[in-house]
Protein chains: 2
Amino acid sequence: MQKLDTKTKILNAAEQLFAERGFADTSLRLITSQAEVNLASVNYHFGSKKELIQAVLARYLEVFVPSLEQTISSLNSQGDRYTQHQVFSCLIEPLLALNTFRHRGTTMFLQLLGRGYIESQGHLRWFITTHYGDIMVAFNDAVRQANPHLSKAEIFWRLHFTLGTVVFTMASSNALTDIAKSDFNQDVDIEDLIRRLIPFISAGVSAP
Amino acid sequence: MQKLDTKTKILNAAEQLFAERGFADTSLRLITSQAEVNLASVNYHFGSKKELIQAVLARYLEVFVPSLEQTISSLNSQGDRYTQHQVFSCLIEPLLALNTFRHRGTTMFLQLLGRGYIESQGHLRWFITTHYGDIMVAFNDAVRQANPHLSKAEIFWRLHFTLGTVVFTMASSNALTDIAKSDFNQDVDIEDLIRRLIPFISAGVSAP
DNA sequence: GTCTATATTAAGATAGAC
DNA sequence: GTCTATCTTAATATAGAC
């Protein structure tokens, strides 16, 4: 079946379990038994559980961040003026592209990101902001340009509200799509979900 | 100093630690040493850690839920028509009333609720929905009446987006208010935070 | 009701043979 | 690189004296 090396088998099993159950609730024993590798191999290949968590996220960030940098910069090059809808739309393509990179990649990435923020593991925030702080600043600047009526502080708050909306939705997305299926007979995939989220957060951020 | 009984001392210490660090990261040892009681007393008085968690939340829900039932029903008695802003405003008074009940009660309650949802501990969702399911239905109905242009399913999604916004914001509210203080010299208390949140979620829920 | 002492379980990590 | 076996730590929970 899988002719993957041990390191990849661990990463694949880990990301799935982390996304589903969170980092704290996923033991190395669970990961290695799911991956069908030896318990000791995690520490051999990654050094520690923390470094495994970072490696799992890095695999996505290395694809996502350059892609987002590109959509943001092409936005800037088109001129000074752009709408806030355009800014948020910059996220869609890079996010959905992760689905071609890995099966259910978009969901996985957003769930992992959500878990990372929610379980306030210092090492993860440190890892993300030191490696990918630039793009966060660039995105923030783009939102500011698109909303000149809002103060810097107001944007700070509203972007964090937005982050919460997305992160929580993704962390619970399995449960939510199940409910939508049983209560409303809706089949909601990740693309639907993102397209439902965008008007909500877009209206919220630029609220009067 | 404190002439409180052991049970109350445990509840007070537990709620503070749970709100700050989450349920999983707060050990009974930490709670009992903070409360200056014996380790074994938690299991004596509450039976288990899970039941302690429920007891901590119950103390707030017993105050909050009747109060919310009242504002919602007074909304209904005023006639068929009310705006969505009015519906969300029903939450403000009952939430802020918790501050008179306990010091920093509003923040504490919302943080605990957020932690409860985020750390998908099944027993807590079960506890809340079986004990306080009625008011959740009533609130949902009120939102529907105020937004006749939205389908049942759309309201389901948007209320969950809203829940995510609030829950995440409260779970990180300590960090966020610290940043607001240092970066923008803002002193944001819980009431400010709620009044900042309302326009955001209100615009989001009734977005076109 | 409260305490000490301890049982039990499960986790992350590592030593050392192969 | 991989495996078995084990170390260490820390958690929940309980038994039994007071």
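Every chain is numbered from 1 and lettered A, B, ... according to where its sequence line falls, protein lines coming before strand lines.
- Residue I53(B) contributes atom CD1, which lies 15 Å from atom P of dA11(D) at whole-angstrom precision.
- Looking only at side-chain heavy atoms (C-beta outward), S89(A) and H85(A) come within less than 4.5 Å of each other.
- Each of dT2(C), dT14(D), dT4(D) was ranked by its minimum atom distance to the side chain of N38(A); first place goes to dT4(D).
- Residues passing the ring-ring contact (aromatic ring centres under 6.0 Å, His included) test with H160(A) are F156(A), sequence neighbours excluded.
- Of all non-hydrogen atoms in L96(A) and E191(A), the two that sit nearest each other are CD1-CD, 3.8 Å.
- Remark: F109(A) engages Y60(A), F64(A) in a ring-ring contact (aromatic ring centres under 6.0 Å, His included) (not counting sequence neighbours).
- Phosphate contact (OP1/OP2 of dG1(C), side-chain N/O of S41(B), threshold under 4.0 Å): absent.
- Between F168(A) and F168(B), the gap from one ring centroid to the other reaches at least 6.0 Å.
- Between the CD atom of E36(B) and the P atom of dT2(C) there is a distance of 14 Å, given to the nearest Å.
- Annotation for D178(B): atom CG counts as buried by contact number, over 12 foreign heavy atoms lying within 6.0 Å.
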Under a 4.0 Å heavy-atom criterion, the protein footprint on nucleotides 8-13 of chain C, written with B, S and -, is ---BBB

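- Atom CD1 in I31(B) sits roughly 17 Å away from atom P in dA10(D) (whole-Å rounding).
- Atom P of nucleotide dT14(D) and atom OH of Y44(B) are separated by 14 Å, given to the nearest angstrom.
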